[in-house]
Every structure is written in structure tokens, then in C-alpha cells.
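Have a look at the structure below before the remarks.
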Amino acid sequence: MYSSPPPTPFFNIADITLWTLDPMLKKRDDFEDMLEERRNSSDLRYALKCYTPVLYKGLTPCKVSELKQMVLQSDQLGYVITQVSKEKGVTSDEVTGEAAAILEEMAQRLQLSTVRFFAFTLSKVFKTLFRSICINEEGLQRLQQAIHNHPVVLLPSHRSYMDFLLMSYILYTYDLALPVIAAGMDFMGMKVVGEMLRMSGAFFIRRSFGGDKLYWAVFSEYVKIMLKNGYAPVEFFLEGTRSRTAKSLTPKLGLLNIVMDPFLKGEVFDISLVPVSISYERTLEEALYARELLGVPKPKESTSGLFKARKILSEDYGSIHVYFGQPVSVRSLAESRVNRSQFNLIPRHIPTRPSEEILSFVNDSAYRLVRAQEENMVLKPWVLLAFVLLQKQAAEEKQGTALDELTEQAVWLRDLSRQYGAFLHWPDHIPPSEVVSSSLSLHRGLVRISEGRAVVILSCASYRNQALNVFIRPALLASAIHTAASNRKQEIYNSFSFLRNMFSNEFILCPGATVQDFEEACYLLVKTGTLQINQQEVLITERGHRTLAFLTSVLDPFLQGYQVVCRFLCEQDGLTEKQFIPAVRKFIIKHLLTGRLRYTEVLSSDLQKNALAALIRLGAVQKIKGNNYCFNVFPSEARNRGL
């Protein structure tokens with residue numbers, strides 16, 4: 001039923017290196033509010049300032065037209081053009097013309113005049129929307145040095161449309177090289193705005209390429225040439241799309257593969273990957289995301305929609321914290337992991353599929369980078385309050401909560417999260433009751449339940465989810481203790497391993513790190529006095545019951561969501577992939593209305609898709625490809641898997 005025993009012996013608490021397990025020992029930079037100066041000086045003077053960024057090795061960047069010529073004349077693209085012309089039975093000139101058209105549609109046209117316009121406009125908008133935008137300036141100094149020494153790839157977290165505008169605004173403010181940014185084709189369709197984004201550094205790519213070899217060749221060569229020549233830092237989102245739930249998404253590997261390729265083939269000495277964590281006290285799209293998770297179609301990006309959104313300018317969205325992480329050297333990541341001599345076996349201009357060794361290396365690197373983003377996310381008091389309020393809602397405490405009680409629970413959770421290494425922005429010089437009142441006031445629309453109940457709960461859940469990376473490993477251990485048949489350490493590890501495997505689509509859990517995660521969870525629960533662990537047993541202390549009850553409740557909505565999806569599929573004879581979400585939503589609503597389900601969060605389409613992916617991976621559901629995709633469920637297999 002469960003996975004095999006761990007490949008290494010269980011740890012001895014006394015022998016653990018604190019630096020490897022104790023998150024509280026990680027040093028983090030201080031923040032400065034970049035809007036403070038903007039509020040006290042001229043925005044026009046700021047936008048028209050002398051802008052002289054440090055560039056890669058002091059080079060002068062080539063013109064946009066020269067960049068395009070370099071792509072079209074590259075050996076790799078020439079090889080693919082010859083292949084495609086033979087396959088289609090057309091001349092190379094015709095295929096070259098097609099490649100030029102793809103490049104014209106895709107390419108950025110960075111112009112400083114457009115950047116200055118955005119700098120002026122965004123200053124006005126940001127000062128209206130946000131109380132502060134806090135930056136770790138030490139991180140920007142590290143970034144400046146990295147840009148000078150090596151090609152740089154910026155990897156911001158992605159929770160809002162605001163992210164890429166914010167990144168360019170920060171870099172312009174601090175006189176750093178402006179990035180070229182991978183953007184979806186959706187934005188290109190926005191009249192005027194799409195072209196302005198192009199002129200501020202955006203290059204537009206399709207969401208999927210299918211088997212279009214020519215498109216892939218143009219795209220990959222364009223990105224690699226910009227990177228190798230130090231044209232500008234390349235920026236893209238590892239998660240591929242905005243997270244509607246505020247949880248980190250499983251990283252997409254396509255672009256990361258492309259930007260690592262020049263190093264792996266020996267075309268550059270090194271590449272610096274810079275994870276950036278962007279934390280919003282209040283997200284502009286909070287209600288929009290909740291509706292999307294409930295099945296309301298996402299509004300199409302349009303200029304008219306942008307103007308209609310002007311009403312948000314009357315709202316208060318609190319503060320933003322942006323943390324530029326330590327640059328990660330691809331050379332260091334690859335050391336003792338990748339044998340680069342394999343790239344000498346065939347000419348470098350011939351495209352080849354990455355080997356299993358390279359795919360594994362890129363995948364592991366991607367997870368490490370997303371973890372780095374998570375660890376530097378700044379949590380606001382409202383995140384902890386969302387935990388408390390949602391747990392009370394699930395317990396059906398409908399009479400409301402006194403401020404004193406809410407404050408006490410929030411302070412308890414504040415102290416626990418700090419012990420677990422959370423990057424918490426809680427102003428200790430202000431009385432806790434005032435901190436709680438201020439947070440409730442900022443999010444009064446959610447606290448007073450001004451919209452449909454499901455929308456509000458999913459919006460609150462998105463804030464709670466911001467802290468899940470802090471609690472997920474201890475929560476998996478708490479749930480394993482709760483579900484294991486005894487307190488034997490081996491049995492609890494087996495249960496932990498199964499739960500971790502089941503939720504690997506739901507949370508960022510690095511492949512192959514089960515033992516490490518188990519040891520970290522044990523260490524944290526022993527350190528905080530929740531557990532005592534000897535050679536054979538895991539024992540709960542008298543003071544540990546409250547912590548364990550909280551941690552178990554962290555996973556409860558997800559466990560119930562996976563269970564209800566499994567129950568739904570067990571009643572089906574087979575259905576298409578397109579039918580799955582509407583049908584399971586209808587099934588869940590019926591059970592919510594009859595009171596059989598406690599957690600409204602199970603209505604989230606994100607959770608339902610992750611549950612289905614887990615059941616397919618665990619072998620409880622079979623995906624059959626025919627005219628449609630159908631799902632045949634094996635109920636006995638599902639029961640055997642503990643669902």
C-alpha cells in the first residue's frame with residue numbers, strides 16, 4: 001500500500017546540522033520603500049532621468065534589426081529551415097520567409113521613450129494603489145554585479161498581471177538593465193497596449209507550439225541569442241501562468257531548458273538565474289481568480305477591459321514586498337550532475353532532444369528555484385488570519401469571533417510560523433489587536449462576506465495558501481501520525497511518503513527528497529516541543545496536541561477534495577476530459593448542500609484537476625485515448641491507495 005522504507009537511516013536529532021534543517025537560521029535582507037521618494041519628488045523628472053544601466057561586460061547592445069538578422073542567419077535555424085523545406089516540398093526561401101514572419105510577430109522592440117512613459121504612468125498608479133513597495137536593495141546590488149559578469153535570467157513568482165510591469169519599473173528606478181520579457185499572445189491582441197508592451201521589452205509567444213518545429217527553432221534561437229550576446233536580462237515565469245490559488249505551480253521546463261542550453265553546450269562560461277519573490281498584501285485579481293476557480297470563464301485581455309478596471313484606483317491594496325534572491329549559477333548547479341562532453345558528439349547546430357540526464361537536471365533545478373521563490377515570500381498578518389477564519393468556518397462556528405479571541409489565535413500562529421522559518425511581516429512595535437484590526441479593515445470585503453459565499457471562501461483560501469509552503473512538511477507529518485495505525489516511526493514514514501507522493505501535484509515537493517522532507521518535519525516538530533522521537537517511536541507531547549491539531553487541519557480541505565473526486569469517479573462508467581470539471585462540480589455542490597462536505601474550497605477547479613492528475617499517476621484512474629479522452633476508474637485500486 002505504501003512506499004518502500006527510506007533509502008537512508010532515520011536521523012538522530014542531535015546529529016542534524018542546524019543550517020540544513022532550521023529555517024530560522026536563514027539570513028534575509030532588509031527592505032526599503034521605493035515609493036517614499038516617488039511621493040516626495042516629481043514623477044516627470046523621474047521618468048526623464050538620465051538612464052545609464054550597467055550592461056553585460058560593458059557591451060553596447062545591438063539594434064533590434066541586427067538581432068533579428070542574427071537569428072535568421074544562425075546555423076541552427078538554417079538546419080531546421082532545410083529540414084522543413086524538404087518535408088513540405090517547398091523552397092528554402094519560402095520557409096525562411098515564414099520564419100521571418102514568425103520572428104516579426106514575436107520580437108520585442110524595446111524603446112526607452114515607451115519605458116519612460118510607463119515609468120511616469122506607473123508612478124501615478126502605484127502611489128494610488130499601494131501604501132508601499134518594499135525592495136531588498138542588497139538583492140539589487142547582487143543583481144547588478146551578476147548582470148555585469150554573466151548573462152542573467154530573471155525568474156519572478158507570478159500571482160498578478162502586475163508582476164512584469166512591477167519588475168521593469170523597479171529595474172528602471174534603480175538604473176539596472178531592463179529585461180526582455182516572455183509574454184503570452186493574449187496581450188498582443190490588445191490594441192495600442194499590446195504594441196506598447198512590445199516597445200517596453202515584451203516578446204510574444206504562443207501558449208503551445210504543438211509539433212511546429214519551425215516555430216520552436218525561431219523561438220529558442222531568438223531567446224538564446226539575446227542571452228548569449230548579453231542583449232538584456234531575459235525574464236519569464238517558471239510557473240508558466242498566474243497562480244489563481246496563490247500556491248506555487250509545478251514549474252514548466254521549456255524555457256528553462258532553452259536558457260540553460262548555451263551553458264551546457266559551452267557557448268557561455270556561466271548563466272545566473274535570479275529567483276524573485278513578489279508578495280502582495282492584497283491581490284488586485286482576488287475576486288476574479290475565485291470566480292475562475294468556480295468555472296466562470298476568464299475575461300479576454302482587451303484595452304477596453306483595462307479602462308473598465310479603472311475603478312480599482314479607488315481601492316487600497318496595502319503593500320508589496322519584492323525580494324531579489326541570491327543569483328544561482330548554472331555552472332554550480334551542473335557540477336557533478338551533468339556530463340557536458342555529450343554535446344561534443346554531434347554538431348551543436350543540429351537540434352536534439354534533451355537526454356534523460358539533462359531533463360532530470362533541469363527539472364530538479366526548476367523545483368529548487370521555485371522553492372527559493374517560496375522561501376522569500378513575505379507573509380502579512382492577513383495570511384494568518386485567513387487560516388484562523390477558514391478553520392472556524394469549516395467548524396461551522398457561525399456566531400462570529402471576538403477580536404480578543406481572534407488576536408490570541410493569530411499571535412499563537414504568528415509565533416509558530418516564525419519558529420518554522422516564515423518570512424513574516426508583522427509589526428512588533430504595534431499592539432497585536434491593532435495589527436489584526438488593520439488587516440481586517442484592509443480585507444473588509446472578505447470579512448463582511450459582501451459577495452457569494454464560495455467566492456469569498458476561495459478568495460480567503462488564496463491568502464491562506466501563501467503560507468502553505470511554511471507548514472506543508474510538518475502538516476504532512478501530522479496527517480501521517482493521524483492516519484498511521486501505530487506510533488512506530490517506520491509506519492509513520494510510510495504514511496508520510498504516501499501522502500507526499502499523492503500531493504506532489506498540489507505543492508512544491510522536490511523529486512527524490514522524501515527522506516529530507518521527513519527529517520525536516522521531524523526536526524521542526526521536535527524543536528517546537530510537539531513531538532518526542534526515539535529510535536523506534538514518534539510520541540506526541542502534552543503541549544503538542546494544539547499544534548498537531550492545527551497542522552492536521554491544514555491538509556484537511558485537500559484530503560476531502562481528493563476523496564470527493566475519487567468518490568465521484570467511482571460512480572462513473574467513464575467520461576471525457578472536457579466533461580470532468582462540470583460534472584464533478586455538480587456532484588460536489590449536491591454534497592455541500594446536503595452538509596456531507598465541510599470545505600467549500602473543494603469547489604476549486606485547480607484542486608479537482610490536481611486530484612485527477614494524482615489518481616492517474618497512482619494508477620487508481622486510467623486515461624484511455626480514443627476519439628475522446630475517457631477515464632476508467634478502478635474502485636478497488638482507489639481503496640487500496642487509501643482514498
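Predicted model only: the values in this text are computed from it and were never measured.
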Residue pairs passing the salt bridge (charged side-chain N to carboxylate O under 4.0 Å, His left out) test where at least one lies in residues 56-72, sequence neighbours excluded: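 Qualifying pairs: K68-E104.
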Output yes when a side-chain donor or acceptor of [X] lies under 3.5 Å from a complementary backbone atom of [Y], and no otherwise.
X	Y	result
S74	V71	yes
S200	L197	yes
N465	T245	yes
Q108	L110	yes

Evaluation steps, side chain to side chain donor-acceptor pair (under 3.5 Å), between Y420 and D415: CA-CA 9 Å; Y420 287 178; D415 296 342; over 6 Å; no
Between [X] and [Y], does at least one N-O distance fall below 4.0 Å, as a salt bridge requires?
X	Y	answer
R159	E239	yes
R464	E601	yes
K380	E281	no

Partners of [X] by ring-ring contact (aromatic ring centres under 6.0 Å, His included), sequence neighbours excluded?
X	value
H321	F31, H425
Y367	none
Y289	none

Would you say the side chain of [Y] lies within less than 4.5 Å of the side chain of [X], judging by non-hydrogen atoms?
X	Y	answer
F324	I170	yes
I508	P251	yes
V274	V328	no
L389	C460	no
S319	F130	no
L140	I135	yes
W426	P432	yes
L406	L440	yes

List the atom of [X], the atom of [Y], and the distance in Å for their closest heavy-atom pair.
X	Y	value
L166	V322	CD2-CG2, 3.8 Å
G254	W216	O-CH2, 4.1 Å
A454	L603	CB-CD1, 4.1 Å
A467	V383	CB-CG1, 3.6 Å
V259	L227	O-CD2, 3.4 Å
S439	L385	CB-CD1, 3.6 Å

Can you list the residues that meet the salt bridge (charged side-chain N to carboxylate O under 4.0 Å, His left out) rule with [X], with sequence neighbours excluded?
X	result
R206	D212
D261	K224, K265
E315	R282

For a quick test of your reading: what N or O donor-acceptor pairs under 3.5 Å do the side chains of residues 119-128 make, sequence neighbours left out?
residue : atom : partner : partner atom : Å
T121    : OG1  : F117    : O            : 2.9
S123    : OG   : A119    : O            : 3.0
S123    : OG   : Y169    : OH           : 2.8
K124    : NZ   : D43     : OD2          : 3.1
K127    : NZ   : R38     : O            : 3.1
K127    : NZ   : D43     : OD1          : 3.1
K127    : NZ   : D43     : OD2          : 2.7
T128    : OG1  : K124    : O            : 2.9

Over 12 non-hydrogen atoms of neighbours within 6.0 angstrom of CD in E36: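 At most 12 heavy atoms, drawn from other residues, nucleotides or ligands, come within 6.0 Å of this atom.
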Other residues, nucleotides, ligands: >12 heavy atoms within 6.0 Å of R142 CZ: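 Yes - once you tally the heavy atoms of other residues, nucleotides and ligands closer than 6.0 Å, there are more than 12.
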Step-by-step ring pair (Phe, Tyr, Trp, His ring centres under 6.0 Å) determination, Y463 to H443: CA-CA 11 Å; Y463 288 101; H443 297 274; 4.9 Å; yes
Could you grab the distance from atom [atom1] of [X] to atom [atom2] of [Y], nearest 0.5 Å is fine?
X	Y	atom1	atom2	result
N363	L256	CG	CG	9.5 Å
T407	R414	OG1	CZ	10.5 Å
L178	M167	CG	CE	10.5 Å
F236	L255	CZ	CG	5.0 Å
I320	S279	CD1	OG	9.5 Å
N469	R371	CG	CZ	7.5 Å

Check side chain to side chain donor-acceptor pair (under 3.5 Å) between [X] and all other residues, then give those that pass, not counting sequence neighbours.
X	value
E506	K247, Y562, N610
R109	E195
E235	none
D316	R131

F387 and its ring-ring contact (aromatic ring centres under 6.0 Å, His included) partner, picked from W412, F471, W382: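 Between F387 and the candidates, ring-ring contact (aromatic ring centres under 6.0 Å, His included) is satisfied uniquely by F471.
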Aromatic ring pairing Y323/F423, orientation class (parallel under 30°, perpendicular over 60°, tilted between):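 Perpendicular.
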Trace of the salt bridge (charged side-chain N to carboxylate O under 4.0 Å, His left out) decision for R242 with E285: CA-CA 10 Å; R242 288 172 300 155; E285 301 99 326; 3.5 Å; yes
Y317 and Y280 aromatic centres sub-6.0 Å: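 They do not qualify: ring centres at least 6.0 Å apart.
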Donor + acceptor pair across side chains of S459, E286 (<3.5 Å):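 Absent: no donor and acceptor within the cut-off.
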Exercise: do T173 and Y46 side chains pair donor with acceptor under 3.5 Å: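 A donor-acceptor contact under 3.5 Å links the two side chains.
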K252 charged N/C atom sitting above F237 aromatic ring, 6.0 Å / 45°: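 The answer is no, since K252 fails at least one limit relative to F237.
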From CA spacing to verdict: side chain to side chain donor-acceptor pair (under 3.5 Å), Q373, S157: CA-CA 7 Å; Q373 288 176 348; S157 57; 5.3 Å; no
